[in-house]
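Notes for the one structure printed next.
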Amino acid sequence: MGKKTILSGIQATGNLTLGNYLGAIQNWVKMQDEYDCYYMIADLHSLTVRNDPEVLRKRAMQVLAIYVASGLDPEKNTIFLQSQVDAHVKLNWILNCYTYMGELNRMTQFKDKSAKHADNINSGLFTYPVLMASDILVYNADLVPVGEDQRQHLEITRDIAERFNAIYGQTFVIPEAFIGEQGARIMGLQDPTAKMSKSATNLNDVIFLNDSPEDIRKKLKKAVTDSENCVRYDKENKPGVSNLMTIYGLIEGKSMDEVEKEFEGKGYGDFKNKTAEVVVKKLQPLQEKYYDLLENPEKLKEIYESGAKKAQKKANKIVNEVYQKVGLIINS
Ligand code: ATP
Ligand code: LTN
């Protein structure tokens, strides 16, 4: 049997964060040998909020450089820009006609984003999950590695695929979310009850992957904790400390019990310093590669161009099959 297929992506809406890395990219890197992996930059999804065109193009290249600098090998994985593979948009239209308004109305990300962008509640924001479903189904992906916040979008994807299959016969693989246990939700450093997000307004809430060591130390020093001064995992009552423990544990490959033991009898000062050191150590080599790649736009171009070609091949097959099934006429 061939390798199973994986697809995932990240929007180019800002600098990537430690949440993106620990919740998504780190898992992708682990999967690249075992699976046939498609990793895209979700630049079309980025258009659901307003962007400066030049900034969006720059951000897309930054996301690509982060993918590669994090250890995704462009030879082993198909790495591409969503907008360069037309099949996504073609399938998107079809699937729009198999998705109900009521289903989309229940999406919590739509509610959150409409509250954040009250002046621009566009229909792209509303139908965002249908494009995401198209991204996944157009490769017949078996697994989709994402953070916890994307679970609902995976569920609607499965519902759409099942609905289509029920009408037209077996067409789509029903994909499963792959959500790592611990890194599924890295929280903000200032507000540990909300997820760390690249579009956050309070910069102290977020560690960006390209933050300098000084900034990382400063931000972690300021991170909200509690008055107990005891490194103990308790998400409900100690969300700040538990979040830092998660970050520490994920980077060091340690369980929460092990982290508790390591810092027994030590205060938050020590714990924060140590956490800052492991984050800096993890990000330093990544940043070096990242800046090297950004200075080499030709190399980046080579990666996304050959990625798009490979992706297009697979995606076109599935779109043609869908066109045929719904009654469209395909040019031979
Ligand atoms: P935005 O703030 O623009 O909505 P974001 O930081 O949430 O962006 P996305 O592009 O929506 O990033 O997400 C990319 C991937 O990173 C998804 O798989 C998402 O689940 C994951 N991810 C994002 N933030 C976190 C987080 N704080 N913890 C764990 N995973 C995360
Ligand atoms: N909505 C996702 C980004 C995304 C995605 C996808 C993730 C767009 N298309 C397909 C997995 C599979 C997010 O993380 N905000």
Side-chain angles (χ1 to χ4, degrees), residues 5-28 37-51 56 59-60 62-63 66-67 70 80-83 85 88-89 91-92 95 107-110 112-117 124-125 127-139 141-158 160 175-189 191-202 205-209 239 243 246-247 250 311 315:
T5 301
I6 284 196
L7 175 120
S8 197
I10 297 184
Q11 297 183 72
T13 38
N15 282 331
L16 297 200
T17 71
L18 196 60
N20 296 130
Y21 181 78
L22 296 176
I25 304 174
Q26 186 168 260
N27 289 329
W28 303 359
C37 300
Y38 293 79
Y39 294 124
M40 60 170 204
I41 292 109
D43 51 357
L44 292 174
H45 275 112
S46 312
L47 297 174
T48 52
V49 297
R50 291 277 178 266
N51 300 277
L56 179 57
R59 293 238 185 268
Q62 289 171 343
V63 176
I66 289 282
Y67 284 3
S70 302
F80 63 100
L81 298 165
Q82 180 189 30
S83 60
V85 183
H88 294 230
V89 187
L91 186 59
N92 182 35
L95 295 187
M107 297 292 118
T108 53
Q109 182 173 300
F110 172 67
D112 293 349
K113 295 241 160 161
S114 338
K116 252 193 194 167
H117 304 278
L125 207 53
T127 58
Y128 178 114
V130 190
L131 179 57
M132 179 159 161
S134 310
D135 300 332
I136 297 166
L137 300 178
V138 86
Y139 298 97
D142 298 282
L143 274 185
V144 184
V146 282
E148 175 66 38
D149 61 307
Q150 296 299 312
R151 191 186 287 282
Q152 206 185 21
H153 289 160
L154 255 293
E155 265 151 31
I156 194 173
T157 301
R158 291 165 60 89
I160 298 169
E176 289 202 31
F178 176 91
I179 299 178
E181 251 168 64
Q182 263 184 30
R185 205 175 190 90
I186 302 296
M187 311 308 271
L189 300 180
D191 176 7
T193 60
K195 78 161 190 167
M196 182 182 284
S197 159
K198 57 175 135 71
S199 46
T201 41
N202 180 353
D205 206 42
V206 186
I207 293 180
F208 293 104
L209 296 180
N243 188 40
T246 303
I247 294 173
L250 276 171

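The chain is numbered in sequence order, starting from 1. Both ligands and their constituent atoms are indexed starting at 1 by order of listing.
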Checking heavy-atom distances from atom 19 (C) of ligand 1 to each of Asp149, Val146, Val144, the winner is Asp149
How far apart are the C-alpha atoms of Asn20 and Ile66, what are their side-chain angles, what is the distance that settles it, and do they pass the side chain to side chain contact (heavy atoms under 4.5 Å, CB included) test? CA-CA 11 Å; Asn20 296 130; Ile66 289 282; over 6 Å; no
Could you please spell out the steps behind the side chain to side chain contact (heavy atoms under 4.5 Å, CB included) verdict for Gln109 and Gln150? CA-CA 8 Å; Gln109 182 173 300; Gln150 296 299 312; 3.1 Å; yes
Go through ligand 2 atom by atom and flag the ones less than 4.0 Å from a non-hydrogen atom of Leu7. 10 (C), 12 (C)
Determine the interplanar angle of the His88 and Tyr139 rings, folded into 0 to 90°, and report it as parallel if under 30°, tilted if 30 to 60°, perpendicular if over 60°. perpendicular
Taking 4.0 Å as the limit for heavy-atom contacts, which would you say applies to Arg185 with ligand 1: side chain only, backbone only, both, or neither? backbone
Is the contact between Leu131 and ligand 2 made by the side chain, the backbone, both, or neither, using heavy atoms and a 4.0 Å cut-off? neither
Answer side chain, backbone, both or neither: which part of Met187 comes under 4.0 Å from ligand 1, heavy atoms only. neither
Once you restrict to heavy atoms under 4.0 Å, what part of Ile186 touches ligand 1? Side chain, backbone, both or neither. both
Counting only heavy atoms closer than 4.0 Å, does ligand 1 sit against the backbone of Ala24, its side chain, both, or neither? side chain
Which protein heavy atom lies closest to atom 1 (N) of ligand 2, and at what distance to 0.1 Å? Tyr128 OH, 2.6 Å
Gap between atom OH of Tyr21 and atom CG of Leu16 - 0.5 Å precision: 12.0 Å
Give the ring-plane orientation class for Phe80 versus Tyr38, where under 30° counts as parallel, over 60° as perpendicular and anything between as tilted. perpendicular
Indicate yes or no: does an N/O atom of Asn20 lie under 3.5 Å from an N/O atom of ligand 1? yes
Any atoms of ligand 1 less than 4.0 Å from a non-hydrogen atom of Lys113? List them with their elements. 1 (P), 3 (O), 4 (O)
Sub-3.5 Å N/O-N/O distance, Gly147 and ligand 1: yes
Residue part near ligand 2, for Gln150, under 4.0 Å between non-hydrogen atoms: side chain
Does Lys198 reach the side chain of Gln11, with side-chain heavy atoms less than 4.5 Å apart? yes
Contact partition for Thr13 relative to ligand 1, non-hydrogen atoms under 4.0 Å: side chain
Against ligand 1, does Gln109 come closer than 4.0 Å with any heavy atom? no
For ligand 2, find out whether one of its N or O atoms is nearer than 3.5 Å to an N or O atom of Asp135. yes
Tell me the nearest of Met196, Gln150, Lys195 to atom 5 (P) of ligand 1, using heavy-atom distances. Lys195
For ligand 2, which atoms, with element, lie under 4.0 Å from some heavy atom of Ile136? 10 (C), 12 (C)
For ligand 2, is any non-hydrogen atom under 4.0 Å from Asp149's backbone (N, CA, C, O), its side chain (CB onward), both, or neither? neither
Show the atoms of ligand 2 that are less than 4.0 angstrom away from any heavy atom in Val146. 7 (C), 11 (C)
Reference residue Phe178; test side-chain contact (heavy atoms from CB on, under 4.5 Å); the match among Asn27, Val146, Val144, Leu154: Asn27
Close-contact set for ligand 2 against Gln11 heavy atoms, below 4.0 Å: 15 (N)
